[in-house]
Amino acid sequence: MNNIAIDVKNLYVNFARYSALENLNLSIPGGNFVSVVGPNGAGKTTFLKVILGLLKPNQGTITIFGKHTDELSPFDLGYVPQIKTLDRSFPALPIELVSTGLKAKWPGKMIKTNKEPVMETLEKVGAGNLAKRPLNKLSGGELQRVYLARALIRKPKILVLDEPATGIDWIGENDIHKIIDDYKSEFNATIIMVTHDWEAAYHHADHVLMLNRQILCFDTPDNAFTEQCLRKTFGHVGHRHEMIFVGRHHD
Amino acid sequence: MIEAFMQSFMLRAMLAGIFVGFMSSYFGVFIVQRRMSFMGSGLAHAAFGGVALGILLNTEPLWIAIPFTIIASIGITLLKDKTNLGSDTSIGILFAISVALGIIFLSLKRSYTADAFAYLFGSILSVQTSDLIVTIILTLFTVLTFFFYWSRWAYSTFDRELAKTDRIPVTIDDYVLNILLAITIVVSVKLVGIILVAAFLVIPAASARLIAVTFFGMTIISICLGIVSSIIGLITSYIFDLPSGATIILVQAVIFFIAIIYQKASMSETI
């Protein structure tokens, strides 16, 4: 059986005359955790949008477990967007947002059969007590747990995360990464995570994809977080790179 | 008092007020939550262009205003989708074109154009049976959308991108919403007038937003406020001999301020 979760061939995405992604070629095996890192404007979110079927490539193909993105069911993918996109004026409760993961539509009146799995998943991500607190009253970390519950409730084969721990304190960030790691182990899920946090990428991912419109490195964290790869991707090597190497020596 | 409301013109006015109150406050929740309040005003003024053309052609203005406003609403949506202009700019452009056309159409009509003033300020008491039938048909359509479209519109109102990842046809749904909104506005214009119709869309939904904690709750509360304010406004206007459309809007405004007080009170209770 073909165990390639995401297969990208000769993929180009352009916005008007601006080229966002150029000639991407990669295969991500099922059950892999891939962190996508790169500077701002590198095309990381664009790449996620192509996986999610929100953007059509101008050239090339992308298949998810052998299917084109428009052939996928919404339940094949779990998506955690950046929380900064949330409209906090929208009147909604976490229990409703999580139920969209189950039904792929906004709920009217919640009925009991919906409520049970929703509550179970909220408990799983440590947000059971938040079920009926308005979304606009939640902190960034709490909101991120709710979005994660929304993605996990459909038990997707592929989990797509766009900066899931941005703006969250250290403990909250660790909790979120533990939930993601546990989900991956339990369901052998493929995880694609865009992050600016090199340490998280280094410690949690099986592979790191360094992107700056093109793929500049796609390898294990040890082989990807090299001075050469970082210079190619970011143009320079920052202080955090030193910290990762210090951590590695301690390991 | 009760006898007064048994007269056929008052009965028609009351029913029309209830149906228009229902529709506009239902669509209003999407308008308010999508920050498109200007859309109501824009489409009402687009309706003015259609009404003026109807008057020029010596035909029932409603039948010309409906397609005219639908075209304007499609134009606004297209302009927003196909250019990088914001929706307020798109609405502003179509709004101005429609009003300019309306003024030219009226100027071409050499005789007296009292009808145009009736549409500017509305006249709920002069609602005819044919107007009422159109309003009832449109209300039935609106009720149907509650079952087929409400949850999709709600989802894309919350987050368009998230709705798209769940394969909701967000763009097509936007056109359906805007077309129905255009028709609702044209029908409402006859009752409350071009100038005040936007308030009908915005005030009950904004009041509901202050009270509700879920979008479903906001929808139900908005509908209730839309209907109740129409009834109270019509009765008040009859008792004090005031213009009905404007009285209904002022009743909605009173409810809005009560909702603000309610929200402040419930917030201080939480603290």
Side-chain angles (χ1 to χ4, degrees), chain A residues 15-16 45 48-56 69-111 131-137 147 150-151 154 156 158 160 162, chain B residues 26 28-37 82-84 143 145-171 173 177 205-223 259 263 266-267 269-271:
Chain A
F15 297 123
T45 299
L48 288 197
K49 285 185 179 177
V50 174
I51 294 173
L52 292 165
L54 294 173
L55 276 177
K56 296 267 172 251
T69 50
D70 46 10
E71 296 166 348
L72 293 171
S73 143
F75 300 99
D76 289 332
L77 297 169
Y79 173 44
V80 178
Q82 290 183 26
I83 53 166
K84 66 185 177 198
T85 62
L86 173 74
D87 171 10
R88 281 186 177 261
S89 77
F90 190 92
L93 303 172
I95 195 167
E96 292 182 297
L97 178 54
V98 177
S99 91
T100 65
L102 200 62
K103 295 282 175 188
K105 62 179 189 180
W106 195 265
K109 271 191 98 135
M110 294 284 295
I111 50 170
K132 291 191 176 170
R133 193 182 297 176
L135 284 187
N136 61 9
K137 299 265 191 301
Y147 269 110
R150 180 196 167 274
R154 51 179 62 166
I158 297 184
V160 179
D162 197 354
Chain B
Y26 167 70
V29 294
F30 301 103
I31 295 291
V32 165
Q33 211 51 57
R34 292 181 181 206
R35 295 183 173 81
M36 287 166 55
S37 301
K82 304 289 177 193
T83 66
N84 54 2
V143 171
T145 68
F146 199 85
F147 299 104
F148 296 105
Y149 279 98
W150 180 87
S151 87
R152 285 158 54 164
W153 285 334
Y155 201 179
S156 56
T157 303
F158 173 71
D159 188 329
R160 285 176 75 78
E161 202 157 84
L162 216 53
K164 277 185 186 174
T165 61
D166 276 345
R167 308 298 186 251
I168 303 281
V170 169
T171 309
D173 286 2
L177 176 62
S207 310
R209 174 65 197 92
L210 294 170
I211 301 166
V213 289
T214 67
F215 193 67
F216 182 73
M218 179 179 168
T219 310
I220 299 297
I221 293 170
S222 177
I223 291 170
Q263 193 202 31
S266 54
M267 274 169 72
E269 257 175 45
T270 327
I271 293 163

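Remember, predicted model here, so these are calculated numbers, not experimental data. Per chain, numbering begins at 1; letters A, B, ... match sequence-line order.
For the pair B/Arg209 (side chain) and A/Ser89 (backbone), a donor-acceptor distance under 3.5 Å is present.
Remark: A/Arg150 CZ to B/Asp166 CG distance equals 5.0 Å, nearest 0.5 Å. Once rounded to the nearest 0.5 Å, the distance linking CG of A/Leu97 with CG of B/Leu162 reads 7.0 Å.
Here B/Thr214 pairs with nothing under the side chain to side chain donor-acceptor pair (under 3.5 Å) rule; sequence neighbours left out. Residues passing the side-chain contact (heavy atoms from CB on, under 4.5 Å) test with B/Thr157, sequence neighbours excluded: A/Phe90, B/Phe30, B/Gln33, B/Arg34.
When heavy atoms are compared at a cutoff of 4.5 Å, A/Arg133 does not approach chain B at all. Heavy atoms closer than 4.5 Å to chain A are found in the side chain of B/Trp150, but not in its backbone. Heavy atoms closer than 4.5 Å to chain B are found nowhere in A/Lys103, neither backbone nor side chain. For A/Leu72, the parts lying near chain B are the backbone and the side chain together; criterion is any non-hydrogen pair under 4.5 Å. With a threshold of 4.5 angstrom between heavy atoms, A/Leu54 approaches chain B through side-chain atoms but not through N, CA, C or O.
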Q: List the steps, then state whether ring pair (Phe, Tyr, Trp, His ring centres under 6.0 Å) holds for A/Trp106 with B/Phe158.
A: CA-CA 9 Å; A/Trp106 195 265; B/Phe158 173 71; 4.9 Å; yes

Q: List the steps and the verdict of side chain to side chain contact (heavy atoms under 4.5 Å, CB included) for B/Glu161 and A/Tyr79.
A: CA-CA 10 Å; B/Glu161 202 157 84; A/Tyr79 173 44; 3.6 Å; yes

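Comparing A/Ser73, A/Ala92, A/Pro81 by how many heavy-atom pairs each has under 4.5 Å with chain B, the most go to A/Ala92.
Of all the heavy atoms in B/Ala212 and A/Pro91, the pair that sits closest is O-CB, 4.1 Å.
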